[in-house]
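Proteins come first, then strands; the chains are lettered A, B, ... in the order of their sequence lines, and each starts at number 1. Bear in mind the structure is a predicted one, so any value in this text is a computation, not a measurement.
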Protein chains: 2
Amino acid sequence: MLKLYDFLPSGNGYKVRLLLTQLGIPFERVEINILKGESRTPEFLKKNSNGRIPVLQLESGDFLAESNAILFYFSEDTEFLPADKLLRARVLQWLFFEQYSHEPNIATPRFWITELGKADEYREAIEQKRQAGYAALGVMEQHLTQQKFFVGDRYSIADIGLFAYTHVADEGGFDLSQFPAIQAWIERVKAQPNYIPITQQQF
Amino acid sequence: MLKLYDFLPSGNGYKVRLLLTQLGIPFERVEINILKGESRTPEFLKKNSNGRIPVLQLESGDFLAESNAILFYFSEDTEFLPADKLLRARVLQWLFFEQYSHEPNIATPRFWITELGKADEYREAIEQKRQAGYAALGVMEQHLTQQKFFVGDRYSIADIGLFAYTHVADEGGFDLSQFPAIQAWIERVKAQPNYIPITQQQF
């Protein structure tokens with residue numbers, strides 16, 4: 001069976017949990033407590049030398065890291081990734097946007113505030129990320145004003161990738177009330193078949 | 001003809017220039033001076049609402065953003081991207097590593113020091129990025145000690161993606177002399193057919 005090395009509060013881990021659940025693919029979850037350094041042990045670094053979760057162990061024993069690469073791997077030839085070449089590149093465009101412009105500015109403050117509980121200690125760093133985080137949300141809002149989903153007007157891994165940290169952005173101090181199109185999209189994602197919330201532990 | 005909205009010193013732009021040149025695909029380059037705000041004008045934001053170069057305009061008129069998504073689009077079904085599903089996901093793993101763990105820590109100091117010429121003003125921010133940048137180089141060094149290229153032991157867009165900012169890491173204050181495997185890999189990339197340097201303007 002697939003083995004997912006994961007940390008329950010992680011949005012990056014959640015992306016993989018959500019897709020595998022929606023695809024009906026069973027997996028075993030192995031909790032790696034990153035707050036206790038468990039993703040930086042010599043044993044874990046053999047699985048991913050970059051020391052980050054999620055890491056997926058395939059049935060072959062191979063390890064695959066980077067949440068969005070794992071999403072791509074499992075969604076090929078399914079309804080969660082378009083077959084059209086340009087649309088597939090467009091999905092990747094949004095997933096790279098997520099990892100470069102969105103996640104570092106929206107997920108990181110959430111980690112400091114909600115996971116570490118150190119909002120005061122990180123106050124200055126959080127402020128530095130605020131503007132770029134809202135800019136990323138602005139890009140999403142503008143796109144979702146015209147489209148129901150991110151690519152090809154249907155739910156895909158582009159939505160899963162962006163949903164993971166957007167729907168809990170309030171835990172990083174972001175106010176989504178000024179983004180009505182994002183809020184409506186969040187509800188559309190939550191209404192998808194076999195949706196599971198971020199904190200749900202088991203398949 | 002393809003139109004590449006680009007900024008000559010940009011490693012992200014260079015990735016696309018290098019791949020298209022190696023594929024023998026002609027393109028017109030449109031210089032966007034990001035130092036003068038030209039990537040944030042209303043006209044440019046219609047091409048990429050995230051306000052970043054490179055952006056590629058296809059013959060159809062469609063715009064595609066995010067350097068690594070553009071690499072994927074053009075390399076599918078060519079020798080620059082493996083056909084095997086797991087190897088293709090592995091290429092994406094390294095490209096997401098590049099955008100999350102490498103580029104923000106290695107390209108950004110280069111931008112501050114070499115493009116803006118403001119090493120003093122950004123001294124503290126540069127120091128903050130130093131450790132994470134060297135960590136990313138360490139992950140690469142470890143991998144390249146065992147492999148000639150990043151995926152499947154042959155040159156692919158994973159190498160192009162990582163080469164762009166690694167080979168000019170010294171311009172961001174990084175010392176590559178402690179990374180012999182990276183140095184040897186840089187020479188292997190430079191020896192590829194139809195290689196062009198980062199500052200070469202035209203196809």
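Separation of atoms CG (L87(A)) and CG (D62(B)) is listed at 9.0 Å; rounding is to 0.5 Å. Between H102(B) atom NE2 and N50(A) atom CG the span is 11.0 Å, to the nearest 0.5 Å.
Residues Q99(A) and F96(B) approach most closely at CG-CD2, 3.9 Å, considering heavy atoms. The minimum heavy-atom distance linking L86(B) with Y73(A) is given by the pair CA-CE1, 3.8 Å. The two residues A89(B) and A69(A) come nearest to each other via the heavy atoms O-CB, 3.6 Å.
The environment of NZ in K85(B) is crowded: more than 12 heavy-atom neighbours from other residues, nucleotides or ligands sit within 6.0 Å. Shown here is Q131(B), whose CD atom has no more than 12 heavy atoms of other residues, nucleotides or ligands within 6.0 Å. Counting heavy-atom neighbours within 6.0 Å of E43(A) CD, excluding the residue itself, gives a total of 12 or less. The neighbour count for R154(A) CZ, taken as heavy atoms of other residues, nucleotides or ligands under 6.0 Å away, does not exceed 12.
Taking the ring centroids of Y100(A) and Y100(B), they lie at or beyond the 6.0 Å cut-off.
Of the two parts of S101(A), only the side chain, counted from C-beta on, holds a non-hydrogen atom closer than 4.5 Å to a non-hydrogen atom of chain B. Within the 4.5 angstrom heavy-atom criterion, no atom of L45(B) approaches chain A. Within the 4.5 angstrom heavy-atom criterion, only side-chain atoms of L58(A), from C-beta onward, approach chain B. Using a 4.5 Å cut-off between heavy atoms, F97(A) contacts chain B through both its backbone and its side chain.
Between L92(B) and E66(A) there is no side-chain heavy-atom pair separated by less than 4.5 Å.
Formation of a donor-acceptor pair under 3.5 Å by the Q93(B) side chain with backbone atoms of A65(A) is found in this model.
Taking chain A as the reference chain and counting heavy-atom pairs below 4.5 Å, the highest number among L71(B), V91(B), V139(B) is found for V139(B). Of the residues considered (E76(A), H143(A), Q128(A)), E76(A) shows the highest number of contacts with chain B, using heavy-atom pairs under 4.5 Å.
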